[in-house]
Amino acid sequence: MSRDIPGLYRPHLAPHHAGGLDPIFWSLGFLVATRLAPRAWKSVTNPGKPEHAPFQALGPVLFGTAAIAEADVPAVAKAILDLREHFKARRNRSMR
């Protein structure tokens, strides 16, 4: 993901055998990565917290079994970028 043009970011999703894109491998990798830092992800994955919205937007990709339409990928990318922005302050603190 380029820091200069984040709006062009798109997750790499494999083609689905029935058409569209298959999110299974991307979603498994994403969910495994969240398990590496469960405390950091706790507020984002909690439905009662306001910062849950971007994670919830990833729901169809993370927990669905159907193919994703190419037209839905920009919304998925936006949710990922929103999560990135949410964690930005924490990343900046850890790099000091």
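Throughout, residue positions are numbered sequentially from 1 according to the sequence presented. If you're wondering where the values come from, they're calculated on a predicted model, not measured in any experiment.
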In short, Ala77 meets Pro11 closest at the heavy-atom pair CB-CD, 4.0 Å

Each residue besides Ile24 in its hydrophobic cluster should be listed here, by chain and number; the cluster joins Ile, Leu, Val, Met, Phe, Trp and Tyr at side-chain heavy-atom distances under 4.5 Å.
Phe25, Leu28

Over all atoms of both residues, closest heavy-atom pair of Ala67 and Gly19
CB-O, 3.2 Å

Applying side chain to side chain contact (heavy atoms under 4.5 Å, CB included), run through Phe30 and Val61 and close with a yes or a no.
CA-CA 10 Å; Phe30 184 89; Val61 176; over 6 Å; no

Val44 versus Phe87: any side-chain heavy-atom pair under 4.5 Å?
yes

Test Trp41 against Asn46 for side chain to side chain contact (heavy atoms under 4.5 Å, CB included), laying out the working first.
CA-CA 9 Å; Trp41 284 91; Asn46 182 343; over 6 Å; no

Taken to the nearest 0.5 Å, the spacing of Leu81 CG from Glu85 CD works out to 9.0 Å

Within the structure provided, determine whether Ser43 and His86 are in side-chain contact (heavy-atom separation under 4.5 Å).
yes

Please examine the side chains of Arg10 and Pro74, heavy atoms only from C-beta on, and report whether any two atoms are closer than 4.5 Å.
yes

My understanding is that only one of Ile68, Thr65, Asp72, Val73 makes a side chain to side chain contact (heavy atoms under 4.5 Å, CB included) with Pro23; could you say which?
Ile68

Report yes if the side chains of Phe63 and Leu31 come closer than 4.5 Å at any heavy-atom pair, otherwise no.
yes

Apply the test side chain to side chain contact (heavy atoms under 4.5 Å, CB included) to residues Asp22 and Leu13: give CA-CA distance (whole Å), side-chain angles for both, the deciding distance (0.1 Å), then the verdict.
CA-CA 6 Å; Asp22 190 350; Leu13 304 173; over 6 Å; no

Roughly how far apart are Phe55 CZ and Asp82 CG, rounded to 0.5 Å?
14.0 Å

Note: Leu21 and His16 closest approach over all heavy atoms is C-CB, 3.8 Å

